[in-house]
Amino acid sequence: LEVATWNGVNILRTSRKLGLRTDASNRFEKQLHPELALRAQRVASSLMVEVCGAKLVPGTIDEKGEIPEPHRLSLRHERVGRLLGMEIAPDRCVEYLERLDFEVSREGDDLEATVPFHRHYDVTREVDLIEEVGRIHGYAKSLPSTLPSTSGQAGSLTREQSLRRRAEDAMRDLGFDAVVNLSLTEPGMPGRLRIPDGDVRAEPIRVSNPLSTEHSVERTALIGSLLDAASYNRAHGAERVALFESGRAYLREGSSPHDGVLAGKFVGKRPAPAFEPWRVAVVATGDLRPGGWRGDPVGADFFSLKGALEALAAQLGAAIDVVPGDEPFLQPGRSGRVVVEGEDSGWIGEIHPLVCREWDLESAAGFEVDLAPLVAASPVGDETYEDVISYPAVHQDVAVVVDEGVPAAEVRSAVLDGGGDLLRSADVFDLYRGEQVGEGRKSLALRLSFRAADRTLTDEEVAERREAIEAAVEKIGGSLRE
């Protein structure tokens, strides 16, 4: 009958160098005392003789390495009371330790304990002895109940924390289910997302002591984890899946013009070991809203997800633009970049069919945006009073005809520039393509709101602004439709 024990430090070091985690390495790196191997051999031999009718042959061959010397630890009585918060007499301490097979000698109120071999690797310090004494004595019967000392001030959320919760609540109100995924993922995730070499997201950060290969690197985007969750739910019969996650991505390098926890440059007050931006990501597949007598079903596509993104931004009071842009895991022509106050802050679009095939999904759409730019653009918490009642607004609609390739965000920006300070808002509410505007052209309808803070606007003032808008639209190759 052969038994063995191993050098746990050596097993752990070799496993980490080879990047190989097995059940055996997990077990053997915990380290057992050599005497425990002999104890196990005696127990196993006894059971084989008693239960199986085996015959015990005398003699044992012991090929042993260096046997560690037993720990001899001091236990100061005053330290016991200071650490546990309750007084335990020295005689009781001796009794408790001897019941646990410790050899104890006493000098006044202080003790010296020799650790038994079966506790060699988990009792190595004075504080470990104190824990054993407190455990046997019992915490519930003697430990006094006290409230933590405070400064008298009630706790509160920071502005970042409050706006993050508002964003998460907004997504739940829109019908998306919150999920919390592990930040660790498989090394092949960038390849499954078709992210090319050279992209910072293609080189994830490897953790030094992973639990498994499937969770051995930090995620560089939230989309992969959400696709995993969507695929799992669809495979288990869910016809509609609409998920969102609020969490961090981890990149080897990156920067943000913003400060604070959400920007990902600091952990507390210390610089973060990597660039760790906080993001809100969404994946949906199937119908976002089922059909019925009140209307047709709404599928998960670019436009429905764009509506959800705009609703999220509206809850924060931030203005966003969606401009043309591509990602390797999105369908060309059905994707875009999310811009917040001129800063590229994320992506939105329909997932590429090849990527959907990787996750056994027929189709899917989603977006992923950095939260720090949205919070920085939000006026929540910094609101100022403005009188909006004394003088009425003048509302007008205009239709702008432009080439098919001109994005709506560029048209709206040109209209706002031409309208000047008197134009308070310009919202796109309709899109037309047809014979009346010509092939390769489109017509965007915008609702304009003109208002002055100190007077009621005249028709002449509004007409002057309309002319300026027309001139601004002409600079991008457009014209106002009669």
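For the numbers below, each heavy atom of this structure counts, side chains included, while hydrogens, waters and symmetry mates do not.
A distance-only check finds a donor-acceptor pair linking the side chain of R234 to the backbone of E239 [under 3.5 Å]. Looking only at distances, a side-chain donor or acceptor of T14 sits under 3.5 Å from a matching main-chain atom of N10. Listed for the E160 side chain is a donor-acceptor partner under 3.5 Å among the backbone atoms of V261. Looking only at distances, a side-chain donor or acceptor of E126 sits under 3.5 Å from a matching main-chain atom of R76. A donor-acceptor distance shorter than 3.5 angstrom exists from the side chain of R252 to the backbone of P204, with no hydrogens or angles considered. No donor-acceptor pair under 3.5 Å is formed between the side chain of E253 and the backbone N or O of F275. S304 places a side-chain N or O within 3.5 Å of a backbone atom of G299 that can act as its donor or acceptor partner. Formation of a donor-acceptor pair under 3.5 Å by the D301 side chain with backbone atoms of F303 is found in this model. No donor-acceptor pair under 3.5 Å is formed between the side chain of R206 and the backbone N or O of V217. Side chain of R194 to backbone of P328: a donor-acceptor contact under 3.5 angstrom is found.
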Inset, instruction - Would you please test R219 and S225 for side-chain contact (heavy atoms from CB on, under 4.5 Å) and show each step? - result: CA-CA 8 Å; R219 63 184 179 186; S225 301; 3.8 Å; yes
Legend entry - Candidate pair L431 and K442, rule side-chain contact (heavy atoms from CB on, under 4.5 Å), full reasoning: CA-CA 7 Å; L431 169 65; K442 64 183 178 182; 4.0 Å; yes
Legend entry - Verdict with supporting geometry, E362 and C356, side-chain contact (heavy atoms from CB on, under 4.5 Å): CA-CA 6 Å; E362 295 181 1; C356 287; over 6 Å; no
Inset, instruction - Go through the steps to decide whether L211 and R21 satisfy the test side-chain contact (heavy atoms from CB on, under 4.5 Å), and finish with yes or no. - result: CA-CA 7 Å; L211 295 175; R21 303 292 296 172; over 6 Å; no
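The two residues G134 and L84 come nearest to each other via the heavy atoms CA-CD1, 3.9 Å. Closest heavy-atom contact between L446 and A426: CD2-CB, 4.3 Å. The two atoms that bring G325 and R337 nearest to each other are CA-CG, 3.7 Å, heavy atoms only. Closest non-hydrogen pair, T220 versus A249, comes out as O-CB, 3.7 Å. A178 and R172 get closest at one heavy-atom pair: CB-NH1, 4.3 Å. Listed here is the closest heavy atom pair of R248 and G264: NH1-CA, 3.9 Å.
For the side-chain hydrogen bond (donor to acceptor under 3.5 Å, both in side chains) criterion with S246, the lone passing option out of R164, R165, E168 is E168.
Once rounded to the nearest 0.5 Å, the distance linking CG of L374 with OG of S345 reads 6.5 Å. The distance from the CD atom of Q331 to the CD1 atom of I351 is 9.0 Å, given to the nearest 0.5 Å. From S255, atom OG reaches atom NZ of K265 across 8.0 Å, with rounding to the nearest 0.5 Å. Note: L12 CG to W6 CH2 = 15.5 Å, rounded to the nearest 0.5 Å. Summarising the geometry, atom CG belonging to L227 is positioned 11.5 Å from atom CG belonging to D360; distances are rounded to the nearest 0.5 Å.
Crowding of D397 atom CG: a count of heavy atoms from other residues, nucleotides or ligands under 6.0 Å exceeding 12. Few gaps surround OH on Y139; more than 12 heavy atoms of other groups in view lie less than 6.0 Å from it. Around atom CG of D421, no more than 12 heavy atoms belonging to other residues, nucleotides or ligands sit under 6.0 Å away. Counting non-hydrogen atoms of other residues, nucleotides and ligands closer than 6.0 Å to CD of E439 gives a total of 12 or fewer. Heavy-atom contacts from other residues, nucleotides or ligands closer than 6.0 Å to CZ of R82 number more than 12.
Comment: R447 does not engage D427 in a salt bridge, judged by the lack of any side-chain N to carboxylate O separation of less than 4.0 angstrom. Contact check on E131 versus R125 returns no salt bridge, with no Lys/Arg side-chain nitrogen under 4.0 Å from an Asp/Glu carboxylate oxygen. The existence of a salt bridge linking R465 and E461 is excluded, since no basic side-chain nitrogen approaches an acidic carboxylate oxygen closer than 4.0 Å. Salt bridge absent: E470 and R466 never bring a charged side-chain N and a carboxylate O closer than 4.0 Å. With respect to the salt-bridge test (charged N to carboxylate O, under 4.0 angstrom), the residues E186 and R192 qualify. Of the charged side-chain nitrogens involved, none lies within less than 4.0 Å of a carboxylate oxygen, so that D169 and R166 do not count as a salt-bridged pair. Under a 4.0 Å N-O distance rule, the pair R279/D370 qualifies as a salt bridge.
No side-chain heavy atom of V298 sits less than 4.5 Å from a side-chain heavy atom of D287. No side-chain heavy atom of V282 sits under 4.5 Å from any side-chain heavy atom of L243. Taking the side chain as every heavy atom from C-beta outward, L316 and L163 approach each other to under 4.5 Å. Taking 4.5 Å as the limit, some side-chain heavy atom of R201 sits within range of a side-chain heavy atom of E327. With contacts defined as side-chain heavy-atom distances shorter than 4.5 Å, the pair V123/L73 qualifies. H236 has its side chain out of reach of N233: every pair of non-hydrogen atoms, C-beta onward, lies at least 4.5 Å apart. Side-chain contact between Q396 and V462 is present, with heavy atoms from C-beta onward closer than 4.5 Å. Inter-residue side-chain proximity for D403 and V406 is flagged as met; some heavy-atom pair is nearer than 4.5 Å.
For the residue pair S231 and D228, no side-chain donor N or O sits within less than 3.5 Å of a side-chain acceptor on the partner. N209 and R16 are not linked by any side-chain donor-acceptor pair at a separation below 3.5 angstrom, with hydrogens and angles left out of the test. At a cut-off of 3.5 Å, with distance as the only test, no side-chain donor of Y250 or E276 sits close to an acceptor on the other residue.
Annotation: ring-ring contact (aromatic ring centres under 6.0 Å, His included) contacts involving residues 343-369, sequence neighbours excluded, comprise F329-W347.
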